[in-house]
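Residue numbers count from 1 along this sequence. Counting starts at 1 for both ligands and their atoms, in listed order.
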Amino acid sequence: MANISIIGLGAMGQALAARFLQQGHTITVWNRTPGKAVALAAKGAHEAASAADAVAASDITVMCVLDYAAADAVIVSAASTLSGRVLVNLTNGTPAQARVTAERTAGLGAAYLDGGIMATPPMIGGEYALILYSGSKPAFDAHAGTLQELGAANYLGGDAGLASLHDLALLSGMYGLFAGFFHATALVDSEGIRAGAFFKLLGPWMSAMMGELPGYAEKIDSGNHGINVVSNLGMQTASLDNILTATKEQGVATDLLDPLLELFRQRLATGSADEDISGIFELVRRKRIAGG
Ligand code: NDP
């Protein structure tokens, strides 16, 4: 059993602390606003008087606060006790924020792991919870068994920004899926069709289309968007144009799909009508290469 401190007792911090308590660990907690540790204390958690005291109480501290401004404030206030300890920061942020925080904590003598939680609080400790980690490999190796009690622990590498990069990329995929759902549902809603009824068609269709993605990934990795093309860009541009024309005719907003049609047209203008639509990836990637 380990001594673990949890900093931040919002919805997620509460779930993390409760799970560790359930597993029999010795838990110390701290939250900026007092009064949030009552339920955890009743289950045996110790409440520290400050963030510095919480860090001092354990070899490993798991911090999960709102954002990196909050995380920075905690690190500043706990700076005197961080040396020689492990800080696992599960606060959501950007790769750049994670890298800056890794440098700052290294400067304070702590080993740093950054993490991205791919779960909601009720999922913590359950079979579908996944937490991505990056940063100090020795710290991950030493505590992987404990961290796995929160959910599957996937270590992505020594660059502290990698967990956040993957976390935000996974969420990007999710929001793209949600955007398609909202557009499609608004289109049928224009004729009074209920979202729940329509989803009986939409859900299986979207699941079937997931099967296209490994093929796109292969084309992206090979850089060849002209192989195994069954639905070419020229045809799909006409189809998407049709969708957006119908969307306007039905009085529905085109905002969610306009950028995609714009990318299709840009790629088409480069003479890529016979290629797959995966070719638009080159335009999205090019913004980074061009620094745009
Ligand atoms: P909550 O809003 O429930 O809690 C926020 C926590 O941050 C509170 O403990 C709050 O303390 C603390 N906090 C805010 N500002 C400061 C500050 N300046 N100094 C110290 N502490 C501060 O958020 P969640 O617990 O839901 O989320 C925490 C993190 O987990 C976020 O980064 C979120 O993106 C991530 N996450 C959350 C998920 C979820 O479904 N909830 C899923 C995956 C990741 P106080 O009580 O004093 O306000």
Side-chain angles (χ1 to χ4, degrees), residues 4-21 27-41 45-57 60-82 87-102 104-105 108 110 112-135 147-154 156 160-175 177-178:
I4 307 167
S5 292
I6 308 285
I7 289 184
L9 297 178
M12 188 55 87
Q14 295 272 351
L16 301 173
R19 174 64 177 163
F20 279 142
L21 274 173
I27 299 300
T28 301
V29 296
W30 180 80
N31 191 68
R32 176 184 61 171
T33 306
K36 292 205 177 167
V38 178
L40 293 166
H46 309 282
E47 187 171 7
S50 66
D53 285 354
V55 169
I60 176 169
T61 292
V62 176
M63 172 166 64
C64 189
V65 289
L66 182 64
D67 54 21
Y68 269 72
D72 289 347
V74 169
I75 290 169
V76 166
S77 70
S80 61
T81 52
L82 273 166
L87 178 65
V88 182
N89 182 14
L90 300 183
T91 303
N92 188 265
T94 69
Q97 286 174 321
R99 288 171 188 139
V100 167
T101 306
R104 184 171 299 152
T105 49
L108 294 168
Y112 182 76
L113 273 175
D114 203 272
I117 303 175
M118 309 311 301
T120 59
M123 289 168 67
I124 292 300
E127 69 175 310
Y128 298 112
L130 165 67
I131 305 185
L132 308 171
Y133 295 94
S134 58
L147 296 173
Q148 259 153 10
E149 292 168 3
L150 300 175
N154 189 335
L156 294 163
L162 286 173
S164 160
L165 184 74
H166 286 74
D167 177 352
L168 299 182
L170 290 175
L171 293 174
S172 304
M174 177 190 81
Y175 282 120
L177 181 78
F178 290 175

Report yes if the side chains of N92 and I117 come closer than 4.5 Å at any heavy-atom pair, otherwise no.
no
Check: I124 and M12 side chains under 4.5 Å, non-hydrogen atoms
yes
So, [X] side chain and [Y] main chain: donor-acceptor pair closer than 3.5 Å or not?
X    : Y   : value
S5   : A54 : yes
S164 : G93 : yes
Q14  : L9  : yes
T28  : H46 : no

Atom-level proximity to ligand 1, residues with heavy atom under 4.0 Å
G8, L9, G10, A11, M12, N31, R32, T33, K36, C64, V65, L66, A70, V74, T91, N92, I117, A119, T120, P121
